[in-house]
2 protein chains.
Amino acid sequence: MADETSKRTLPATSWAVLGLLSFGEELSGYDLKKWSDRSLRFFYWSPSFSQIYSELKRLEKAGYTSSRMVAQETGTRDKRVYRITDAGMTAVREWAREAPVDPPVLKHGPMLRLWLGHLLEPEQMREVLGRHQEFAEQMRLHAVADAQSAQDEPAWAYPTLTLKWAERYYASERDLAAAMLDDIEALARARAERPADETLN
Amino acid sequence: MADETSKRTLPATSWAVLGLLSFGEELSGYDLKKWSDRSLRFFYWSPSFSQIYSELKRLEKAGYTSSRMVAQETGTRDKRVYRITDAGMTAVREWAREAPVDPPVLKHGPMLRLWLGHLLEPEQMREVLGRHQEFAEQMRLHAVADAQSAQDEPAWAYPTLTLKWAERYYASERDLAAAMLDDIEALARARAERPADETLN
DNA sequence: TGTTGCATGTAAAGAGTTACATGATTAC
DNA sequence: GTAATCATGTAACTCTTTACATGCAACA
């Protein structure tokens with residue numbers, strides 16, 4: 001209920017936040033940001049705090065969540081916790097089952113640089129790829145750690161599968177960088193043998 | 001020259017468009033969109049026409065490109081073609097060499113769905129992954145085809161390397177989907193043997 | 001005393017998309 | 001005739017981030 005028309009027009013990020021609540025827990029905006037950083041982040045980027053708060057407002061307006069203030073015994077500022085409603089559960093289930101799946105979007109900063117290899121020194125290309133290997137390995141390790149802390153919770157079975165996917169994804173990213181380092185070496189050797197082609201760089 | 005302060009603040013998309021021009025060709029906005037679809041798209045999404053036109057305006061204002069109108073002999077509407085200036089070449093080289101590399105950003109629609117597996121039927125998960133496999137394979141084939149049409153052009157050596165990277169990347173995406181299909185089967189079997197855990201779904 | 005973590009939110013700006021408008025040419 | 005391709009651009013809108021504001025508690 002509440003605003004029926006907004007149902008179809010919610011952006012994917014709203015559904016992601018509602019999805020986080022669909023596991024049944026009562027969470028604050030702050031909690032949601034943390035959960036998001038440990039799950040969504042590996043395959044769907046993590047929204048900023050401010051966006052999470054505005055998504056929560058939108059979801060509540062749509063009747064998909066309800067909230068209440070909780071006084072903190074320890075003395076810190078009171079917090080507002082959110083819970084998914086029946087209408088929200090119905091809506092997110094319907095979205096998950098019926099909405100068209102958005103194609104994956106990749107904005108790969110390191111590749112954008114290497115694509116402009118004619119403007120770089122070979123050493124700079126190696127550095128970009130080396131840093132990317134480290135980044136990918138770090139992400140892989142975080143995915144492993146987060147998957148471990150969720151294991152054996154039946155409710156988290158599918159999130160755990162996506163973390164497993166992420167672990168393999170970042171392992172592949174790391175290996176793809178290594179393969180490209182080899183390709184760059186091969187290209188540099190070929191150019192050294194036949195240096196007539198130096199039209200650019 | 002022109003607005004020195006805008007140099008550092010240009011968004012990555014501006015640099016991507018300027019990068020497209022850094023290979024030396026004189027191109028129209030329409031051409032740039034096509035080039036973008038055959039290269040950037042595989043690792044950095046392709047901006048819309050309207051954004052390309054506004055980026056070109058911004059780049060010209062910054063003094064990084066110059067343009068001229070060209071009358072079409074065949075009778076179609078006149079077009080405006082853009083060329084990179086010396087200042088633009090200097091700026092894009094400096095950006096490529098010195099600006100911090102943005103970390104890769106992934107928004108993986110199919111994984112967002114599967115992460116909400118508790119809201120889906122197993123059949124729907126298989127369908128999402130099956131479609132994703134097809135998507136990945138199509139992207140891989142496009143990357144192969146585009147790499148082939150650029151081969152042996154020494155100026156396109158690095159773009160060709162990134163297309164090679166893309167070919168492997170999409171092959172990996174395809175294989176990762178297959179691995180996840182197996183994981184889902186294994187999970188379904190485990191649940192069938194021990195159906196006590198049906199707390200959700 | 002200063003930093004980190006918890007906790008929530010507003011305001012402003014920028015990035016990027018979709019829809020729309022226009023109009024000629026070519027191929028079916 | 002009508003669909004597709006070439007070709008450029010504006011307007012409105014949405015998404016998303018950054019910077020800022022506020023304030024307590026624990027810890028070093």
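Letters A, B, ... are given to chains in the order of the sequence lines, protein chains preceding strands, and every chain is numbered from 1.
Between B:S54 and C:dG16, a side-chain N or O to OP1/OP2 separation shorter than 4.0 Å is absent. Side-chain nitrogen and oxygen atoms of B:R58 include at least one within less than 4.0 Å of the OP1 or OP2 phosphate oxygen of C:dA15. Side-chain nitrogen and oxygen atoms of A:W45 include none within less than 4.0 Å of the OP1 or OP2 phosphate oxygen of D:dT16. Of the side-chain N and O atoms in B:Q51, one or more sit less than 4.0 angstrom from OP1 or OP2 of C:dT17. Residue A:T13 places at least one side-chain N or O under 4.0 Å from the OP1 or OP2 atom of D:dT16. At C:dG16, one or more side-chain N or O atoms of A:K107 fall inside 4.0 Å of OP1 or OP2 (strictly under the cut-off).
Distance, B:K57 NZ to D:dG9 P: 6 Å, rounded to whole Å. Distance A:W15 CH2 to D:dC15 C1': 17 Å, rounded to the nearest Å. Atom CG in A:L10 sits about 18 Å away from atom P in D:dC13, given to the nearest Å. Straight-line distance from the CG atom of A:D37 to the C1' atom of C:dG5: 14 Å, rounded to whole Å. At whole-Å resolution of the value, NZ in A:K33 and P in C:dG5 are 14 Å apart. We find that CG of B:L40 is positioned 12 Å from P of C:dG16, with the value rounded to whole Å. A straight line from CD of B:E55 to C1' of D:dG9 spans 15 Å, rounded to a whole angstrom. One can place CD1 of A:I52 at 12 Å from P of D:dT16, the figure rounded to the nearest angstrom.
Side chain of A:D31, nearest nucleotide from C:dA7, D:dC6, C:dT18: C:dA7. Closest contact between the side chain of A:Y53 and the listed nucleotides D:dA7, C:dG16, C:dG9 involves C:dG9. In the set D:dA11, C:dT8, D:dT8, D:dT8 carries the atom at the smallest distance from any side-chain atom of B:S28. Out of C:dG16, D:dT17, C:dG5, the shortest distance to the side chain of A:Y30 is found at C:dG5.
Ring orientation note: the planes of A:W95 and A:W15 are close to parallel, at an angle under 30° on the 30°/60° scale. Relative ring orientation between B:W156 and B:W35 is described as parallel, the plane-to-plane angle staying below 30° on a 0-90° scale split at 30° and 60°.
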Side chain to side chain donor-acceptor pair (under 3.5 Å) evaluation trace for A:H108 with A:E173: CA-CA 11 Å; A:H108 205 296; A:E173 273 288 277; 2.8 Å; yes
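Between A:R126 and A:E185 there is a salt bridge, since a side-chain N of the basic residue sits under 4.0 Å from a carboxylate O of the acidic one.
At a cut-off of 3.5 angstrom, the base of D:dT18 holds no donor-acceptor pair with the side chain of A:S48.
Shown here for A:L20 and A:S36, the closest heavy-atom pair between the two residues is CD2-CB, 4.0 Å.
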